[in-house]
Amino acid sequence: MNKEKQLTCEQFGLTMSIVGAAISVLGLALILMKNAIKASSGLDGFWKEIYDLPWFILILGLFVTIFSVLKWRRYAGDTETLMDTSPKAMKEFLLNNGIILALVIMVIVIAVKQHRFMQGRVLVDILAQASPRMIIALGICFTLLIAGTDLSACRMVSLAAVISASMLQNPDYANRFFPNLPQLPVIVPVLIAIVVCMLFGLLNGFLVAKFDMHPFIATLAVQVIIYGICSLYFDLPPNNSQPIGGIRPDFIWWGQKRFFQEELAAINGIPILIPIALIFVVAIWFVLNKTIFGKNVYAIGGNREAAVVSGINVFKTILCIFILASALYGVGGVLEAARTAGATNNYGVGYELDAIAACVVGGVSLNGGVGKVSGIITGVLIFTIIQYGLQFIGISAMWQQVIKGIIIAIAVALDLSKYRKK
């Protein structure tokens with residue numbers, strides 16, 4: 001193809017900026033038309049069935065516009081860098097983004113089948129459900145980045161939930177875990193729960209770093225230990241393995257509070273879990289991209305021998321990785337207890353597998369050294385949307401597991417195929 005007929009990156013960015021702006025205008029026009037019709041004679045037929053679709057179109061348009069403008073400005077004045085439109089480049093694009101494209105298609109199918117899925121309230125609920133799992137996945141990603149894993153995450157979630165909930169019950173609750181325990185500030189049981197998880201994270205890291213034990217085996221052993229200890233704690237009298245309830249309102253606040261409920265009545269406000277998750281996302285992004293520790297994590301995952309030669313303290317870094325990961329599991333467990341206003345020793349079962357799968361789907365390589373926080377966000381949202389969306393249209397939980405398994409298998413296969421090419 002002639003060079004003159006190919007788009008430069010600058011031209012592509014400008015073109016997509018115009019497309020994004022056009023989508024935004026379409027969404028805004030639909031919003032104004034819908035509001036005008038609602039004000040004049042109420043909603044009926046088509047306008048009622050599309051729910052909040054105009055807002056989604058507007059958000060999509062703004063998203064495309066912003067990123068396209070950034071790309072355009074990046075290549076402003078550059079007339080030499082061309083867009084690679086070869087079949088090989090297109091194939092690689094589809095391989096790298098196939099799961100996301102499949103998700104988009106699935107969302108469209110669900111929305112067509114059940115129009116109520118196109119509501120802002122639904123989107124907010126999905127984000128709220130994804131928030132604790134997002135924090136857990138951010139912890140798992142550190143272990144995956146060094147070509148490891150952590151099977152003890154689910155049990156740390158349940159341990160943190162049980163410890164925090166057991167110490168934060170209403171004083172007049174009939175079946176208190178600790179009948180004579182004074183009313184503690186919320187932060188005290190929360191910190192105790194997180195610190196206990198960090199001690200088990202230290203044990204994970206020590207087994208892996210000191211004895212060069214494979215993380216799969218080390219964390220599997222610790223998982224069993226944690227489950228036993230948590231079950232013994234949960235079985236203490238007078239609780240005797242009964243689900244922990246009667247949770248104090250000031251603790252539940254951290255899992256169920258919604259902001260701007262009156263101002264944003266259409267979506268029932270913004271759940272507090274969403275900004276909490278965003279804080280952890282930003283913090284972990286900073287750790288991985290702007291700190292020496294983060295660079296060491298990638299270095300160890302990419303080539304451990306080279307990391308040792310370059311002077312990185314591999315033992316210390318691995319210890320810190322598992323301790324940090326366990327702290328994030330503890331936070332996730334505490335938030336789950338607050339969100340559900342209760343806890344049992346089986347909380348969090350399967351969360352570690354969902355988190356690993358979300359990371360892999362989001363581009364975190366099982367071979368270590370490759371992965372981004374943005375990919376983890378994508379992976380967690382993919383699985384949450386799948387679970388929520390399929391429940392929304394009445395698909396059985398068994399079929400949900402089948403679909404989830406297929407997605408995991410495809411994601412791992414794509415990851416391994418990219419690794420072989422490299």
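What you see is a predicted model, and the numbers here were worked out from it, not measured in a lab. Position 1 is the first residue of the sequence, and the numbers go up from there.
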request  = Would you indicate whether the side-chain heavy atoms of Val122 and Ile126 approach each other to under 4.5 Å?
outcome  = yes
inquiry  = Are the side chains of Val308 and Ile300 in contact, using a 4.5 Å heavy-atom criterion?
reply    = no
query = So among Ser241, Ser158, Ser231, which one has a side chain to side chain donor-acceptor pair (under 3.5 Å) with Asn345?
reply = Ser231
message = Quiz question: by atom type and distance under 3.5 Å, do the side chains of Ser152 and Asp150 form a donor-acceptor pair?
response = yes
Stepwise side-chain contact (heavy atoms from CB on, under 4.5 Å) test for Arg248 and Gln183 = CA-CA 10 Å; Arg248 283 164 40 181; Gln183 295 295 287; 3.3 Å; yes
ask   = Considering only heavy atoms from C-beta outward, does the side chain of Ile272 approach that of Trp253 to under 4.5 Å?
value = yes
task = Would you confirm whether the ring centroid of Phe211 sits within less than 6.0 angstrom of the ring centroid of Phe206?
result = yes
task = Classify the side-chain pair Gln242/Asn175 by whether it contains a donor and acceptor separated by less than 3.5 Å.
result = no
Nearest heavy-atom neighbours spanning Gln400 and Ile395 = NE2-O, 3.1 Å
cation_pi(Arg116, Tyr51) dist<6.0 Å, angle<=45 = no
query = Under 4.5 Å between any side-chain heavy atoms of Phe12 and Thr15, yes or no?
reply = no
inquiry  = Restricting to non-hydrogen atoms, name the atom on Met156 and the atom on Ser326 that form the minimum distance, rounded to 0.1 Å.
reply    = SD-CB, 3.4 Å
Between CD1 on residue Ile163 and CZ on residue Phe177, distance to nearest 0.5 Å = 9.5 Å
request  = Please round to the nearest 0.5 Å and tell me the distance separating atom SG of Cys230 and atom CG of Asp235.
outcome  = 11.0 Å
ask   = Taking the side chain as C-beta and beyond, is there a heavy-atom pair between Trp399 and Leu390 under 4.5 Å?
value = no
message = Go through it in stages, so that I can follow the logic: the residues are Leu328 and Ile140, the test is side-chain contact (heavy atoms from CB on, under 4.5 Å), and I'd like the CA-CA distance, side-chain angles, deciding distance and then a yes or no.
response = CA-CA 9 Å; Leu328 293 172; Ile140 285 279; over 6 Å; no
ask   = Taking the side chain from Arg176 and the backbone from Leu181, do they hold a donor-acceptor pair closer than 3.5 Å?
value = yes
task = Search all heavy atoms of Val297 against all heavy atoms of Ile146 and return the closest pair with its distance.
result = O-CG2, 3.8 Å
ask   = At their closest point, which heavy atom of Ala343 faces which heavy atom of Ala161, and how far apart are they?
value = CB-O, 3.5 Å
Shortest non-hydrogen separation from Ile376 to Cys141 and the atoms involved = CD1-CB, 3.3 Å
message = Between Tyr388 and Phe383 (judged by ring centroids, cut-off 6.0 Å), do the two rings come close enough to count as a pair?
response = no
request  = List the steps and the verdict of side-chain contact (heavy atoms from CB on, under 4.5 Å) for Gln129 and Arg133.
outcome  = CA-CA 8 Å; Gln129 284 191 19; Arg133 294 171 184 256; over 6 Å; no
task = Indicate yes or no: at least one non-hydrogen side-chain atom of Trp254 is less than 4.5 angstrom from one of Val190.
result = no
ask   = Which residues pass the ring pair (Phe, Tyr, Trp, His ring centres under 6.0 Å) test with Phe260, sequence neighbours left out?
value = none
ask   = Would Glu352 and Tyr329 count as having a side-chain donor-acceptor pair, cut-off 3.5 Å?
value = no
request  = Measure up the Phe392 and Phe117 rings against each other and bin them: parallel (under 30°), tilted (30 to 60°), perpendicular (over 60°).
outcome  = perpendicular
Donor-acceptor contact below 3.5 Å, side chain Ser131 vs main chain Leu127 = yes
Sub-4.5 Å side-chain heavy-atom contact between Ile192 and Val188 = yes
ask   = Can you list the steps and then say if Tyr298 with Phe293 is a ring pair (Phe, Tyr, Trp, His ring centres under 6.0 Å)?
value = CA-CA 9 Å; Tyr298 283 108; Phe293 172 74; over 10 Å; no
ask   = Have Tyr347 and Thr340 got a donor and an acceptor in their side chains that come within less than 3.5 Å?
value = yes
message = I want to check something: taking the side chain as every heavy atom from C-beta on, are Val349 and Asn346 in contact at a cut-off of under 4.5 Å?
response = yes
key: Shortest non-hydrogen separation from Gly269 to Val124 and the atoms involved   = O-CG1, 3.8 Å
message = Can you confirm whether more than 12 heavy atoms, excluding those of Ile292, are under 6.0 Å from its CD1 atom?
response = no
query = Would you call Arg258 and Asp125 a salt bridge, taking side-chain N to carboxylate O under 4.0 Å as the test?
reply = yes
inquiry  = Pair Val361, Thr378 - check side-chain contact (heavy atoms from CB on, under 4.5 Å), show working.
reply    = CA-CA 8 Å; Val361 168; Thr378 302; over 6 Å; no
key: Contacts of type ring pair (Phe, Tyr, Trp, His ring centres under 6.0 Å), residue Phe67, not counting sequence neighbours   = Phe63
